[in-house]
Amino acid sequence: MKVKKAVIPAAGLGTRMLPATKTVPKEMLPLVDKPVLQYIIEEAVDSGIEDILIVTNRAKTAMDDYFDYYPELEHRLAASGKEGQANEMRRVADMANFFYVRQRETKGLGHAIARARRFIGDEPFAVLLGDDIMMSKVPVLRQLIDAAEKYNCSCVGGQYVSDEAIGAYSSTKLVRLEDRIYDVLDINEKPTPEEKLSNFAVMGRYVLTPDIFDILDATPPGRNGEIQLTDGLAALCHRERMVAVDYDARRYDTGNLRGFLEATIDFALRDPQTGPWLADLIKSKAQTL
Ligand code: G1P
């Protein structure tokens with residue numbers, strides 16, 4: 001199994017980050033000095049992905065503009081001796097082959113993924129959710145692709161979360177295969193405490209076989225009246241093998257304000273240009289609290 005294509009669903013309305021996301025797509029909010037979406041794309045590219053489909057909507061053209069060339073700006077930068085910055089602009093646009101499709105109606109994550117069918121064809125593919133930003137040694141998607149290739153099947157990525165948190169995610173029924181890798185027997189979306197299958201939550205990263213498309217086309221609206229990817233995954237894991245990877249990473253949910261602020265601080269602390277300054281600033285501010 002080789003995984004060369006990825007789908008990034010980015011057609012959500014971003015209601016958890018209003019008012020900023022009224023006119024700026026949440027995927028374009030800057031985390032330190034790069035839009036959130038760039039972190040996702042860099043993880044995909046570092047994991048071996050070559051072709052990326054972004055599922056977008058009519059209000060989010062800033063995303064396709066960002067991964068395009070901008071000759072006027074590049075010339076201006078080069079003319080004023082800022083070749084490094086000009087090259088960086090090009091590098092971002094050349095990182096992968098970018099494709100776009102619009103989700104014309106906001107009908108849920110499963111419906112957004114189903115828009116990728118013609119792009120994907122008959123290959124296994126990756127899905128990366130734009131809210132979930134990872135800090136890790138080995139790119140998280142690479143950890144999933146390694147497991148998918150080893151077991152020759154679909155693979156979902158996640159982590160163990162607390163009893164209080166699991167209801168915000170999807171929970172899974174697992175059987176251990178090896179360190180950090182499990183067989184998935186069942187999965188459900190945003191369980192109540194009674195419905196919970198385990199505290200292992202699937203979060204943000206998936207490698208799927210194209211069999212998911214027939215399943216999603218036949219999946220009725222579920223929770224919130226939306227076509228849920230998780231309902232499709234449940235059907236897929238009942239039909240064919242699926243493994244789960246407990247990925248080795250610090251995960252940030254940048255789709256809500258607290259997660260976004262924490263990610264901003266942690267990434268800025270790690271950045272050599274801002275880290276030492278920010279550490280001093282935080283220490284001096286903490287003394288005044
Ligand atoms: C989505 C998925 C859910 C997953 C979560 C975190 O939920 O539906 O299964 O656990 O992302 O990746 P959302 O956070 O969009 O409500």
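In this chain, residues are counted from 1 in sequence order. In each ligand, atom 1 is the first atom listed, and ligand 1 is the first ligand listed. All figures in this text were calculated on a predicted structure; none of them were measured in a lab.
- A search for salt bridge (charged side-chain N to carboxylate O under 4.0 Å, His left out) contacts involving R16 returns D131, D253, not counting sequence neighbours.
- Against a heavy-atom cut-off of under 4.0 Å, S170 is close to the following atoms of ligand 1: 9 (O), 10 (O).
- Considering backbone and side-chain atoms together, L129 places no N or O closer than 3.5 Å to any N or O of ligand 1.
- Of the options Y39, F260, F267, a ring pair (Phe, Tyr, Trp, His ring centres under 6.0 Å) to Y252 is made by F267 and by none of the others.
- Take R270 and apply the salt bridge (charged side-chain N to carboxylate O under 4.0 Å, His left out) test, not counting sequence neighbours, and it matches no residue.
- Protein heavy atom at the shortest distance from atom 6 (C) of ligand 1 is Y169 CD2, 3.7 Å.
- Annotation: side chain of V184 is not in contact with side chain of K173 (no heavy-atom distance under 4.5 Å).
- Close placement of the F125 and F213 rings is indicated, their centers lying within 6.0 Å of each other.
- The shortest N or O to N or O distance between R16 and ligand 1 is not under 3.5 Å.
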Side chain to side chain donor-acceptor pair (under 3.5 Å) between Q228 and T219, worked out: CA-CA 8 Å; Q228 295 288 346; T219 300; over 6 Å; no
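- Using a 4.5 Å cut-off on side-chain heavy atoms (C-beta onward), I8 and V55 make no contact.
- Close approach of ligand 1 to G204 (heavy-atom distance below 4.0 Å) involves ligand atoms 12 (O).
- Of all atoms in ligand 1, listed by their number and element, those nearer than 4.0 Å to a heavy atom of T230 are 9 (O).
- For atom 15 (O) of ligand 1, no protein heavy-atom neighbour is found at a distance under 4.0 Å.
- Nearest to atom 10 (O) of ligand 1 by heavy-atom distance, out of V202, N188, L229, is V202.
- Ligand 1 places these atoms under 4.0 Å from at least one heavy atom of M203: 6 (C), 12 (O).
- Here D132 has side-chain heavy atoms under 4.0 Å from ligand 1, and that is the only part of it that gets that close.
- Considering backbone and side-chain atoms together, Y206 places no N or O closer than 3.5 Å to any N or O of ligand 1.
- Shortest contact from atom 9 (O) of ligand 1 to any protein heavy atom: E189 OE1, 2.7 Å.
- Nearest-residue assignment for atom 7 (O) of ligand 1 (options R251, R205, K190; heavy-atom criterion): K190.
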Stepwise side chain to side chain donor-acceptor pair (under 3.5 Å) check, Q38 with Y66: CA-CA 9 Å; Q38 189 170 335; Y66 187 78; 2.4 Å; yes
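- Salt-bridge formation is not detected for the pair K107/E226: no Lys NZ or Arg NE/NH1/NH2 atom is positioned less than 4.0 Å from an Asp or Glu carboxylate oxygen.
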